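Letters A, B, ... mirror the listed sequences (proteins, then strands); counts begin at 1. Nothing here was measured: the structure is a model prediction, and the numbers come from that model. What you see below is based on every heavy atom in this structure, not just the backbone, and it leaves out hydrogens, waters and symmetry mates.
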Protein chains: 2
Amino acid sequence: MPGDRVAVSGVDAWRPADGRATIVDVAAAAGVSRQTVTRAMNDMPGISPRTKARVLAAAQELQYRPSRFGRGLVKPSQRTLGLLVTDLTNPYYPELASAVIGAAAERGWSVVLAEEKHATDHRRQVRELAGQVDALVGYVGAEHPGRGEDTDERLGVPLVQVDVEPHQTDHGGVVFSPRLGVEQAIEHLAGFGVRRPVMIDSAGPDLPSRRGRLFVDGWAARGVDALWIPAGDATVTTGVSGLERALGERPDLDAVLAFNDVMALGVLSALRGHGIGVPDQVRVIGVDGLSLGELANPRLTTIAIDLAVVARLAVELAVGMDGGTVPRSGPGARRSVSYQLHVRESA
Amino acid sequence: MPGDRVAVSGVDAWRPADGRATIVDVAAAAGVSRQTVTRAMNDMPGISPRTKARVLAAAQELQYRPSRFGRGLVKPSQRTLGLLVTDLTNPYYPELASAVIGAAAERGWSVVLAEEKHATDHRRQVRELAGQVDALVGYVGAEHPGRGEDTDERLGVPLVQVDVEPHQTDHGGVVFSPRLGVEQAIEHLAGFGVRRPVMIDSAGPDLPSRRGRLFVDGWAARGVDALWIPAGDATVTTGVSGLERALGERPDLDAVLAFNDVMALGVLSALRGHGIGVPDQVRVIGVDGLSLGELANPRLTTIAIDLAVVARLAVELAVGMDGGTVPRSGPGARRSVSYQLHVRESA
DNA sequence: CTGAAAGCGCTTACAG
DNA sequence: CTGAAAGCGCTTACAG
């Protein structure tokens with residue numbers, strides 16, 4: 001009986017020298033046809049227990065694993081989303097990733113996560129990822145001058161950019177709208193009588209961020225001159241150095257808006273180093289609404305964006321584009337989410 | 001000319017009513033054979049510019065995307081790793097995930113990331129993930145009594161458990177060895193004259209963790225009675241409540257080992273609330289070595305495990321099992337990594 | 001430069 | 001209960 005031959009002659013006689021065992025190898029080893037192997041492997045009816053056991057034994061002996069490509073070709077396949085983030089070490093991205101994975105799971109999609117920092121060639125990374133998934137979501141080309149070059153059409157899959165520039169309509173995206181949140185923050189600070197506010201921005205010397213410009217302009221509209229400090233990339237370290245510079249230029253500052261929560265943590269730490277009380281002497285606000293801010297002392301007040309909403313919209317767009325119910329570019333391919341002030345302790 | 005027909009009659013005439021356009025649809029639309037479409041899509045030589053342009057136009061018109069299954073069946077395919085984590089909101093997991101994604105990228109593997117918290121049925125989630133990838137790494141069944149039920153054989157793909165119990169040899173895994181690190185921590189604390197140490201453990205009332213037992217036993221060997229507090233799941237909140245309980249039972253405590261860094265942050269915060277100085281009055285140590293601890297004030301001393309090493313070993317095992325060069329169970333399928341004390345400021 | 005043929009590994013009807 | 005046939009969407013030789 002063929003089943004016995006397997007046990008006696010062992011694995012190597014059956015496994016092809018190169019590559020894995022296929023359904024045909026298992027069928028041969030068990031002395032049955034291919035579809036009998038399918039029945040055994042997939043717990044389908046119409047197979048005798050004896051045969052099933054024999055097939056399963058042969059499969060195990062050969063370390064047989066059905067090819068997901070062969071199967072995918074013929075069965076309605078699991079869809080998968082590619083999520084591209086810059087750096088999981090920045091706490092913003094895990095929160096986004098968790099939200100996206102959750103939103104995708106709700107629709108039965110799984111998520112391939114790629115980190116830009118691990119790629120030597122970002123553009124190639126994006127193309128490779130695109131080849132493995134049904135739609136792409138995240139920060140695609142975010143750090144690059146050519147952002148926008150990787151269009152949907154070039155990639156071959158729908159592309160949903162997170163935090164996309166409002167004017168970019170050549171692919172899908174979720175637009176982040178800071179206007180409301182920044183206005184709320186100014187209002188909040190003004191209510192405390194703040195007159196010497198500072199923006200510690202993540203930017204080069206001549207390029208304020210959108211939120212930075214809104215903050216400065218908002219104060220100007222109230223007749224208050226806000227100091228704008230470009231501090232470089234948004235890390236705890238630049239938060240510290242930014243605050244030092246701010247203190248140098250405006251020793252009597254009474255409020256700080258940091259570009260994001262991570263930078264705000266640096267600001268908090270630097271203020272503590274100077275023995276300056278928060279929020280009594282200086283009020284500090286971050287941006288993003290990360291759960292990290294809850295751990296700070298004092299707990300960080302922040303202009304928050306709801307990443308669960310962002311994720312839901314992004315996944316919804318991607319799934320819709322994949323299904324053809326959402327256009328893959330133009331205004332119809334965009335959604336907008338507003339920031340909102342979350343008052344905690346630091347302001 | 002067929003190319004014109006596409007432009008004139010538009011998309012819908014060509015796209016099959018159900019499902020996406022295939023290579024055959026594009027070939028028909030462009031009036032060429034299938035392999036000419038392949039040549040155009042993949043930038044292969046042996047095609048005239050005119051033809052290529054015509055094919056590309058048709059492909060775009062039909063929103064044609066090559067099926068990754070069809071392609072995967074016939075080309076040496078991109079391998080992918082499934083990484084299963086419990087909850088990305090716990091900062092331990094993003095650090096692990098980032099390391100695993102990096103290690104996988106070095107070998108040309110991509111990573112599907114699944115979060116256990118999003119699954120209604122964990123076992124099913126694991127099976128589905130297994131069907132999409134070439135190997136599985138991470139916390140598989142970690143939170144479940146039946147941990148170990150999901151074997152390599154049942155799943156059909158190699159399984160590498162991270163932080164596997166040392167006695168589990170029925171599948172691959174990376175073993176975490178706390179002995180050295182805990183011993184170093186005790187030595188370090190003893191050097192400061194600590195005599196009233198406390199372990200705030202993540203555990204039920206009768207089940208100390210391995211590190212918890214090592215800590216208590218290590219002190220006992222020095223004739224010092226360490227207080228053991230079971231505080232429940234390891235969060236900032238339980239860190240706080242655990243410290244409160246410890247203070248109740250031993251008001252003069254002079255050192256705390258928390259189950260992990262996240263809990264230690266809670267301990268730090270609670271001590272600050274009581275106006276107790278760290279490290280002057282009480283020395284605090286966490287476990288894991290997360291970068292988060294650098295942000296704490298004072299910076300957190302911690303018994304660290306090198307997640308880059310863990311990730312490299314886990315991926316190495318998974319890749320080796322996939323390639324057949326590493327056994328899929330038994331002692332040969334395991335690697336061990338030791339914790340080591342990282343002295344920062346809190347102790 | 002272009003196309004007819006074969007085959008990748010699997011599953012789904014359809015016969016027996 | 002079991003197997004012979006057809007086909008999923010693609011690419012790789014091989015002819016012309």
A.B. asks: When we call it a touch if two heavy atoms are under 4.0 Å apart, what does A:Val37 touch: a base, just sugar-phosphate, or nothing?
C.D. replies: nothing

A.B. asks: Is the phosphate of D:dT12 approached by B:Lys75 (side-chain N or O, under 4.0 Å from OP1 or OP2)?
C.D. replies: yes

A.B. asks: Looking at B:His118 and A:Ala104, would you say the former's side chain and the latter's main chain have a donor-acceptor pair under 3.5 Å?
C.D. replies: no

A.B. asks: Counting side-chain heavy atoms from C-beta on, which of C:dA6, C:dT12, C:dG9 comes nearest to B:Arg34?
C.D. replies: C:dA6

A.B. asks: May I ask you to decide if A:Gly332's main-chain N or O and A:Arg335's side chain share a donor-acceptor pair within less than 3.5 Å?
C.D. replies: yes

A.B. asks: Is a donor on one side and an acceptor on the other found under 3.5 Å between the side chain of B:Asn42 and the backbone of B:Arg39?
C.D. replies: no

A.B. asks: Can you tell me how far P of C:dG7 sits from CD1 of A:Ile23, to the nearest Å?
C.D. replies: 18 Å

A.B. asks: Mind checking if A:Val32 touches a base, just sugar-phosphate, or nothing, with heavy atoms under 4.0 Å?
C.D. replies: sugar-phosphate

A.B. asks: Out of C:dT12, D:dT2, C:dA5, which has the shortest distance to the side chain of A:Thr38?
C.D. replies: C:dT12

A.B. asks: B:Val74 has a side chain; which of D:dT11, C:dC1, D:dC1 sits nearest to it?
C.D. replies: D:dT11

A.B. asks: Between C:dC1, C:dC10, D:dC10, spot the one nearest the side chain of B:Thr51, thanks.
C.D. replies: C:dC1

A.B. asks: Do B:Lys52 and B:Thr36 have side-chain atoms, one donor and one acceptor, less than 3.5 Å apart?
C.D. replies: no

A.B. asks: Tell me, what's DNA chain D's dot-bracket, Watson-Crick or G-U with both distances under 3.5 Å, | for other-strand, [ ] crossing?
C.D. replies: |||.||||||||.|||

A.B. asks: So for A:Arg39 and D:dG3, does any side-chain atom that can act as donor or acceptor lie under 3.5 Å from a complementary atom in the base?
C.D. replies: yes

A.B. asks: Please state how far atom OH in A:Tyr64 lies from atom P in C:dT11, giving the value in whole angstrom units.
C.D. replies: 6 Å

A.B. asks: A:Arg65 near the nucleic acid: base, sugar-phosphate alone, or nothing, with a heavy-atom cut-off under 4.0 Å?
C.D. replies: sugar-phosphate

A.B. asks: Has A:Thr36 got a side-chain N or O lying under 4.0 Å from the OP1 or OP2 atom of D:dG3?
C.D. replies: yes

A.B. asks: What I want to check is whether the side chains of A:Thr80 and B:Gln132 have a donor and an acceptor closer together than 3.5 Å.
C.D. replies: no

A.B. asks: Side-chain N or O of B:Ser67 less than 4.0 angstrom from OP1 or OP2 on D:dC8?
C.D. replies: no

A.B. asks: Scan side-chain atoms only and decide if B:Thr86 and B:Glu115 contain a donor-acceptor pair under the 3.5 Å cut-off.
C.D. replies: no

